[in-house]
Amino acid sequence: MSVETEKYCTVLIHYEKGVPPTSEELAKKLESKKETVQAEALEELVLLMINGESYPKLLMTIIRFVVTSRDHRVKKLLTIYWEIVEKTKDNGDLKEEMILVCNALRNDLMHANEYVCGSTLRLLCKMKYYRILEPLKEAVLRNLGHRHSYVRRNAVMCVFSIVKSFGVEVLPEAPEDIEQLLLVEGDLSTKRNAFLMLVNCDQERAIKYVLSLQDQVSSMGDIFQLAVLELVRKVCRSTSVNKGRFLRIVFDLAASSSTAVSYECASSLVTLSSSPVAIHQAAQAYVQLLTEQSDNNVKLIVLDRLRDVQKHHKQVMEGMVMDIFRALTCPSLDVRKKVMDICLGSLVSPRNIKDVVALLKKEVIKTLGYEASNTEGNLEYRRLLIRALHACTGQYPDQAQSVMFLLMDFLTESDQTTATEVVMFLRELIANYSDMRMPILQRLAECVGDVSQSRVLRGCLWLFGEYCEDEAVLAALRPLPLAVEDGAKDKKEAAGDKKEKKAPKITTKTVVLADGTYGTQNVYEGGEGEEEEVEDKGKTDTKKTAFRTLLLGGDFLLSAMVGVSLTKLCIKLKNLPVALRNEVLLVIVNIFKLVKQHVCGGEKCDSAVRLSQCIRAFAVMGNSQLPPPQLAAAQLVQGDWGAAQGRGQLAKVLELAAQNSEWALGQEEEVQEKSVAPDECIVFRQLRERKGGAGPAGGMDDDEDFHAARGASMAQAAADGALFAERLAKVQQMTGLADPVYVEAFLQVHSFDLMLELLVVNRTNETLQNVLVELSTQGDLKLVDRPSAVTLAAGQQMTLHASIKVASTETGIIFGYVTFEKKSAADKECSVLNELHVDILDYIERSWINELAFRTMWSEFEWENKVNINTSITEVGTFLEHIMRNTNMSIVGRSYKKTGDNKTQKKGKLTAEDVQDMLKDAVGIKKLIDTSSFVAVNLYAKSIFGEDALANISIEKLPDGKLTGSCRIRSRTQGIALSLGDRITIVQRGVQASRE
């Protein structure tokens, strides 16, 4: 297909043409007296011409034999033929045959059949040759008064097209004729077309017409109302003369039954006015669309608009929180998440907290129903609701009391994430509100035996050990399966309780601890026919719980937590009976034996060391004789645990969690405001002369004018120079300077597309013909638009473009060759291009995630890529900064909401200053880097395609100063894990290597 055909083609129909027929064969069919044969021949000709064939000799044949046909199918095909046929000679002059075509078109404009007349008018809308349109102007204007609305509608658009292309001077009477038609027209489509023409060609007439029908606009059709809104937006931006009257029209239309009109009215009100009444009306229209439309895409779009309104008009939106929450009835998790993001945070206040919590409680109860339990995404929705209740009630203790017992029922859930969310919620309540501690701890003591998740049990036991101060709660712990009944039972437990009828199912999983290291976790899933045991004191039959089974199965983390919690309780309760203290010691010793004799345990494992500390602490409390080193260690442990230092550390953790919460209550989103320096001019916008359509320079205020006058444009020139330098650094040489054709490439990323800009230079002293750059891709890249062939004179250069579609985050490669022809050579010559690698950082954005979500995804993701650390960098902090800067990854559990320029660069690459700020805010990690030879950090990033990238970097500094360790990368898909691993392998060798 030629370049000219591509440029002027307005019709594109695919056709497998095979071997195209000759002009003589088609002419013979077109000259046939049978109209069916003519129609088939004309259809074949049209399809062939659309797909690049040229039949210039057939134009006269069609004028002589086909134009006079009255067959409707032939008439339809003729309109397409007149649209695609070449109408000019090679020099650009109109062909003489087109004068005869004008006569045929004039006859069709005056045809008795309204379809023929209307379709001819549609054809003339696409004609851009005034010599063809000039003799037809009178016939087009005459059709404005045609009896059929289809003809009048297309006549208006034809007049609009002529005026728009060649100016109102060619049809000076057109605006007046259109206005007269508008006053008497009854057809809605025709009226809309006529009004649009006045809006674009004679705005004063359009304004006058709208104001004359101000009270009737709300009763007109939706397509006309949309055209009125377009006029309102145009006029109000340029002048405020009639802004009040126009806004009244918009207010009336906001309650329209048409969803499109209602949406456009809301957008117009937000754009044109900052009045609370106008913003409330707009928000009300958005909420109505949100609740009434069933399409999830519409809901997501409306929620985005509401988010924009919330940023600037928080007070207005605060009263509509409950209305927005009605969108939670939508089953889409994306919609529900966006609703939470909008409503929670700055919009939750003491005035509406009670209603918000009541609604969230009702939604939680709904997720427990039989129908909801079978719904896809119900579990994720329940997690979202629990997090929302946590965020809402954390600062309102009176509301927390109404939900804490409801949420505590989820502690026994099989879903670890849900139960862990509840424990985090209870931890915050116990730490911040002392009057709630006893009820929560008593309820925990009742249900802790039914908890099946090791992580949840550890959280509950830590709370007992740190905050429990009542002997009754300790007594409530006694029925736990940790209590030892007799000596024979001790032996059975130490042997692993081999006499059970059927062993329960215990699943062992590898989990990521808070410091980024690995640990094992056993999940108890119950066993049938478990042996019932008889307690020594109560003489009651009890079934063995998951707690006991996890300990017997070798959950070392849980074993250590049981020992530490019981020891803390005994240290704090000074008046504890000796028998009870001895019973606790017996339990800890029993657990120590289990850990010591386990296949994966031993005397030197972490849990055994921790339990031995507990036993020594008991020995000190019992005034036992210990060697001086052990006595000092035991007293140190006893002093630390008795001083309640854990509460202070927990307060810091909770403070950090509140700062990094996804829904921080009372915190408004930062809106970038324009600041004015003390020495700058003050501009009163209300006193300025309003100039409509002043163009780009029309918006320049006095301040900018003054700066421009004194040469402040030099700063812009410097910025342009920096931009040019940045682009120049990304230019890659594809061929050598000694090659006949020199090619260099500049790759630019536009969202999901890549734009490849190729500079092609002819380095020879002769003309090169058919210079063609052939490209291929490797990876998840698809070449959409290929560069076209060009002819280059000696020394000439030309810029070509290629468009590439990207489907996922993966390191892609672009390669190919360039071919060209010389007049002196018989065959084509070829040069191979260098490979062009697509930088994965262009698709990875810095993002935020909390630790719980990170661990959940880490356990779910299947693909893992392990990269061993091999670097010339000798400092742990420098290496970590280097990796973060070159992978765009942020530290897990830390949100970085910076003001100023950093906010606008959120999606850009991380700078060294950004990384240093992250590490500075992460106090614990910074301290670990400065004082320890081992550091483990969790990192997170997200691609523009929504793919999550997780990384755990474990670094150890050896005595000789070298760094060792590994970096594990996990993702849901293979591509991003492998690509990030390759990236880290390349950049980790050192700062110098990354610059190269």
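If you read the sequence from its start, that first residue is 1, and numbering goes on from there.
- Counting only distance, with no hydrogens or angles, the side chain of R382 and the backbone of T367 share a donor-acceptor pair below 3.5 Å.
- Judged by distance alone, the side chains of S349 and E318 do bring a donor and an acceptor atom under 3.5 Å apart.
- No side-chain donor-acceptor contact under 3.5 Å links N938 to the backbone of V892.
- Here the side chain of D323 pairs no donor or acceptor atom with the backbone of A283 at under 3.5 angstrom.
- Of the candidates L269, V261, D222, L253 forms a side chain to side chain contact (heavy atoms under 4.5 Å, CB included) with just one, namely V261.
- In this structure, D308 pairs ionically with R305, as a charged nitrogen and a carboxylate oxygen lie closer than 4.0 Å.
- K299 places no side-chain N or O within 3.5 Å of a backbone atom of C330 that could act as its donor or acceptor partner.
- The two residues A388 and M340 have their closest heavy-atom pair at CB-SD, 3.9 Å.
- Using modelled atom types, one side-chain atom of R336 and one backbone atom of L328 make a donor-acceptor pair closer than 3.5 Å.
- Nearest approach of A260 to L226, heavy atoms of both residues: O-CD2, 3.9 Å.
- Every pair passing ring pair (Phe, Tyr, Trp, His ring centres under 6.0 Å) that includes a residue from residues 267-295 is listed here, sequence neighbours excluded: Y263-Y286.
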inquiry  = Apply side-chain contact (heavy atoms from CB on, under 4.5 Å) to residues C392 and L360 and explain how you reach the verdict.
reply    = CA-CA 10 Å; C392 287; L360 293 175; 4.0 Å; yes
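- Counting only distance, with no hydrogens or angles, the side chain of K338 and the backbone of D304 share no donor-acceptor pair below 3.5 Å.
- For R855 and S859, the side-chain atoms include no donor-acceptor pair closer than 3.5 Å.
- Salt-bridge formation is detected for the pair R970/E864: a Lys NZ or Arg NE/NH1/NH2 atom is positioned less than 4.0 Å from an Asp or Glu carboxylate oxygen.
- Using modelled atom types, no side-chain atom of R427 and backbone atom of L463 make a donor-acceptor pair closer than 3.5 Å.
- Of the possible polar contacts, none joining the R968 side chain to the K866 backbone as a donor-acceptor pair under 3.5 Å is found.
- Here the shortest heavy-atom pairing between F861 and R972 reads CE2-NH2, 3.1 Å.
- D450 contributes no side-chain N or O that, together with a main-chain N or O of T412, makes up a donor-acceptor pair within less than 3.5 Å.
- Sorted by first and then second residue, the pairs that involve residues 373-395 and meet ring pair (Phe, Tyr, Trp, His ring centres under 6.0 Å), not counting sequence neighbours, are H390-F425.
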